[in-house]
Structure formats: C-alpha cells, structure tokens
Number of protein chains: 2
Amino acid sequence: MLEDAAAELFLEQGYPATSIEQITQRAGVSRNTFFNYFGAKADLLWIDLDHSIAALVGALATSGEASVGTPSGTALERLRALILAVAAEHPASRVPWAFSQAELMGTRADLEASAPARLLALSEAIASFVRAEFSEFIARTIGSVAVGAIAAGVAAWITAGVRRDPLQAYVAAALAPALAGFTDTPGDPS
Amino acid sequence: MLEDAAAELFLEQGYPATSIEQITQRAGVSRNTFFNYFGAKADLLWIDLDHSIAALVGALATSGEASVGTPSGTALERLRALILAVAAEHPASRVPWAFSQAELMGTRADLEASAPARLLALSEAIASFVRAEFSEFIARTIGSVAVGAIAAGVAAWITAGVRRDPLQAYVAAALAPALAGFTDTPGDPS
DNA sequence: CAAGGTTTTTGGACCGGGTGCAAGAACCCA
DNA sequence: TGGGTTCTTGCACCCGGTCCAAAAACCTTG
C-alpha cells in the first residue's frame, strides 16, 4: 500500500528526502499510479485527518440542506453535535503520524503549506451551516473560531501520547469555551 | 525591476500562468538572477508585507532583549505599542496587490500556502515577547490571537479601497478587543 | 468460456519551480 | 591599472505535477 510505504520511507529518510518515485517503487507500482490515489505528495500527510474533515464538511452540508429536519436545537447546538459525532467516529488508531512525528520526518513546512486549504474549507462549511441564524460577519467568525478550537483539540489529542483519551473529549473541551460567547450574540462590529 | 515585471504579468495572464522565466525575461535579467532576490515565486506576493513583518519581528526581538530598558508599561502595552508603531511606518502606497487583486490574478492558492510560514513566525515572536509576564500557554495564545487580530486589521485595510484610513487605525481597532481579555488573566486551562 | 466494454495501470513526454556550481562580468577600492 | 569582491549568468540536474494514449486488468454478459 502506498501509505505504508510512504510512512516507512518518511521515518527512514525524512519527508523532503523521499521522492514519490521511491514511494511507488517500494509499493510496487508505477509513479503515475500515485496520482490515481493522491492529488499531491502532501496529501499523504493528511490521510488520517482528511477522511474526518470530509465527513464533517459533508455532514454540515447535508444537515444544513434539510433545514427543519430531525435535528433540534439552535444552530450552535447542532453544530457542536455534528462536530463531536464526527470526532467520535474517528478511529482511535488513526493518529496522524505526519504530525506526531513532525520533527523526525521533517514534515513541518509542508504541513504548514497544505493546512490552510483544509482549514479554510472547513471554516467555510461551518460558516454556511450557521449562516441562517447569524449575521454574515458572526457566521464567519464562528467558522474561524470553531476551526481554531477543533485544531487545538486535535493537537492536544495528538500530543497526549499513547494513553490519550478519545478525540471527542479533547475537541469537546476546546469547543465549549470557544463557542460559549456566541449563544447570546449582540452582533457585528459597530 | 523584477517586482514590476511580475505585477504586470500577473495582471495580464494571472499568477499561475506566469513563469519565473517570463518575469526575468521582461525584467531583462536571467532566470537565475530571480533567486538572488527572492527565495521562491510566492515571495513576490508578500513583498509589501514581508518588510513590515520582518520589522515587527525584529522590533519584538530587540525590545525583548533589553528587558528593563526605556519602554515602560506591561508587556501587553509594549506589545501593542510596537505593533502600532510598525503599522504606522508601513507606507500607505504599499498595498499588497497580490491580496487586493487575488481573484483577478489567481493568487489565492499560493497565498494560502505561503501564509503560515509568515504568520506562525510572527506568532512565535509575539509569544516570546510576552513570555516573561505570562504562562507558556497564555503566551502562545496571545501570539495566535494577536496575529489573528493583525491579519483581520490588515485585511480590512486592504479591502477598504483607495479612500482607506491609515493601516494603524485598522490594526488598532482589531487589536484592542482581542487583547482586552488578557489584562487580568486568571491562567491556564484547568 | 469467450467477447466486449469499463476501469486501472503504465510509460513517456512535457512543464515549471528550485538547487548547486563554476565561469564570467561588473563593480569597488586601492 | 590591477586585484579582490560581489553580482550575474549558463548549465545541468532533481522533483512535483499534468497530460495523453496505449496497454493491462477487471467485470459483465451472452
């Protein structure tokens, strides 16, 4: 499998010193096959998280369309529930090695460069989800703040080590205070 | 000049469709000369801002070393003064075209990818500056929050159009509420 | 089993960003 | 005028990423 070969090589030689050709070579496929599975080399760093990010974006989109459906509560309550549900479904075994071994593998620069595309997409999805109940400015702010809180929670989860609690706990702890200030929101900047 | 040639070409053809070779060609120099002035193509997008970012990082570093020197007040007050001083020195003519013309030039993807390196460096510099008076966690939080506020202020300044107020005003407006909550800070998460 | 169509894999050519190096030009200072 | 330093240039190279067309693998259906 490509992911396994990549993780091995990144541990052995570091991420920058490992070429896509080496990865595909070890996996026993041709170089072009790599791009049938990943759009870019940096996507390898996000495989563990991309699945849950996509799941969250999808859940926000579909649950946002069925506006007055089964889910109850305010938009913020439903948002919180969706985020925690996705976090709960994230497999405990899928701890992103590109983050936990960032120093060893030398993945930091490329992680930084590839992060905004994901985080901004998530922020935008969250903003759209809460847009019906808030002003445009507040909706965007909630998107940014929620992403920041999720990132902080995931980061704490990753760095907690092998005896870590489930991801849901960290995200919940970070999310609660971050969103608390938006329940009785007065509004936009004067 | 390389910057002028680049800005022209980005307006004409867009950033992704413009190669470094085209830029150097129009500027009348060889391709390798480009890398004597810029470390990467994306550095062109940040020329207007990089100068002020570096100035702020430098001011934070030197003013942080001379710990009990001329500057007075709390760390947050000195931080605010330094940020606003750098903002005040930023030339009004240097509005980053890569941001204001982002849609036209197609610079968004590369702006996103190259932003974290700058923002995280600034965040780290700010955290170091206030580290003496706050806990590690709060110092980092102040770094992140301050960068977020600065970014919001700069963004508002850029989008304000030709009749914009000085940059200092926008940054001050964004910074004040962001840092207000840290003056009487109780401390870390329980 | 065989034929036919679809998906996946592969090879090859290509482009552009970025690095390293060594030769040459330009510049500066005595 | 000469000599040293800095800047520029050309060249070769690596790697990530795109495009395309041929071939292989796969799946289906008669």
Side-chain angles (χ1 to χ4, degrees), chain A residues 1-47 49-50 96-98 102 104-118 120-121, chain B residues 1-47 49-51 96-98 102 104-118 121:
Chain A
M1 204 179 186
L2 281 170
E3 173 181 353
D4 303 333
E8 289 174 23
L9 285 163
F10 294 167
L11 270 178
E12 294 171 16
Q13 325 172 344
Y15 173 86
T18 302
S19 71
I20 292 180
E21 191 151 25
Q22 286 178 302
I23 297 169
T24 56
Q25 205 166 307
R26 178 166 301 201
V29 296
S30 118
R31 184 181 113 99
N32 274 11
T33 300
F34 177 89
F35 293 101
N36 291 342
Y37 293 90
F38 302 97
K41 189 187 177 190
D43 287 3
L44 286 168
L45 310 175
W46 291 85
I47 19 184
L49 294 181
D50 268 347
W97 39 260
L104 194 64
M105 294 183 170
T107 50
R108 228 194 111 170
D110 273 51
L111 275 178
E112 286 178 5
S114 54
R118 278 133 177 118
L120 292 175
Chain B
M1 204 179 186
L2 281 171
E3 173 182 352
D4 303 332
E8 289 174 23
L9 286 163
F10 294 167
L11 270 178
E12 295 172 16
Q13 324 173 343
Y15 175 86
T18 303
S19 71
I20 293 179
E21 191 150 24
Q22 285 178 303
I23 298 170
T24 56
Q25 205 166 308
R26 178 167 303 201
V29 296
S30 118
R31 185 182 114 99
N32 274 16
T33 300
F34 178 88
F35 294 101
N36 291 343
Y37 293 90
F38 302 97
K41 188 186 177 191
D43 287 2
L44 287 168
L45 311 176
W46 291 86
I47 19 183
L49 293 180
D50 269 346
H51 188 256
W97 38 260
L104 194 64
M105 295 183 170
T107 49
R108 228 194 111 169
D110 273 52
L111 275 179
E112 287 178 4
S114 52
R118 279 132 176 119

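Proteins get letters first, then strands, A, B, ... in listed order; numbering begins at 1 in each. Atom set for the values below is all heavy atoms of this structure, side chains included, hydrogens, waters and symmetry mates excluded.
An angle of 20°, rounded to 10°, separates the two end axes of the helix from C:dG5-D:dC26 to C:dA22-D:dT9, each defined over five pairs.
Extent of DNA chain D lying under 4.0 Å from chain B heavy atoms, first and last nucleotide in 5' to 3' order, is D:dT8 to D:dC11.
Within residues 24-43 of chain A, the residues approached by DNA chain C to less than 4.0 Å at the level of any non-hydrogen atom are A:V29, A:S30, A:N32, A:T33, A:N36, A:Y37, in residue-number order. Residues from residues 13-23 of chain B that place a heavy atom under 4.0 Å from any atom of DNA chain C, listed by number: B:T18, B:S19, B:I20.
Here B:Q22 pairs with nothing under the side chain to side chain donor-acceptor pair (under 3.5 Å) rule; sequence neighbours left out. Applying the side chain to side chain donor-acceptor pair (under 3.5 Å) rule to A:W97 yields no partners; only residues at least two apart in sequence or on another chain are considered. Evaluation of the salt bridge (charged side-chain N to carboxylate O under 4.0 Å, His left out) rule for B:D4 yields no partner, not counting sequence neighbours. Under the side chain to side chain contact (heavy atoms under 4.5 Å, CB included) criterion, A:A27 pairs with A:L2, A:A5, A:V29, not counting sequence neighbours. Partners of A:P96 under the side chain to side chain contact (heavy atoms under 4.5 Å, CB included) rule, at least two apart in sequence or in another chain, are A:D48, A:L49, A:F99, A:W157, A:I158. Here A:D43 pairs with A:R118 under the side chain to side chain donor-acceptor pair (under 3.5 Å) rule; sequence neighbours left out. Every residue two or more places apart in sequence or in another chain that forms a side chain to side chain donor-acceptor pair (under 3.5 Å) with A:E12 is listed here: A:R26.
Nearest heavy-atom pair across B:W46 and B:S114 is NE1-OG, 2.9 Å.
The number of heavy-atom neighbours closer than 6.0 Å to CD of A:E21, taken from other residues, nucleotides and ligands shown, is 12 or below.
Between the CD atom in B:E112 and the OG1 atom in B:T107 there is a gap of 10.0 Å [rounded to 0.5 Å].
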May I have the list of side-chain donor-acceptor pairs in residues 35-42 of chain B shorter than 3.5 Å, sequence neighbours left out?
residue : atom : partner : partner atom : Å
B:K41   : NZ   : B:Y15   : O            : 3.0
B:K41   : NZ   : B:T18   : O            : 2.7

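Between B:L9 and B:I23 there is a side-chain heavy-atom pair separated by less than 4.5 Å.
Look at CG on A:D110: it is 13 Å from C1' on C:dG18, rounded to the nearest Å.
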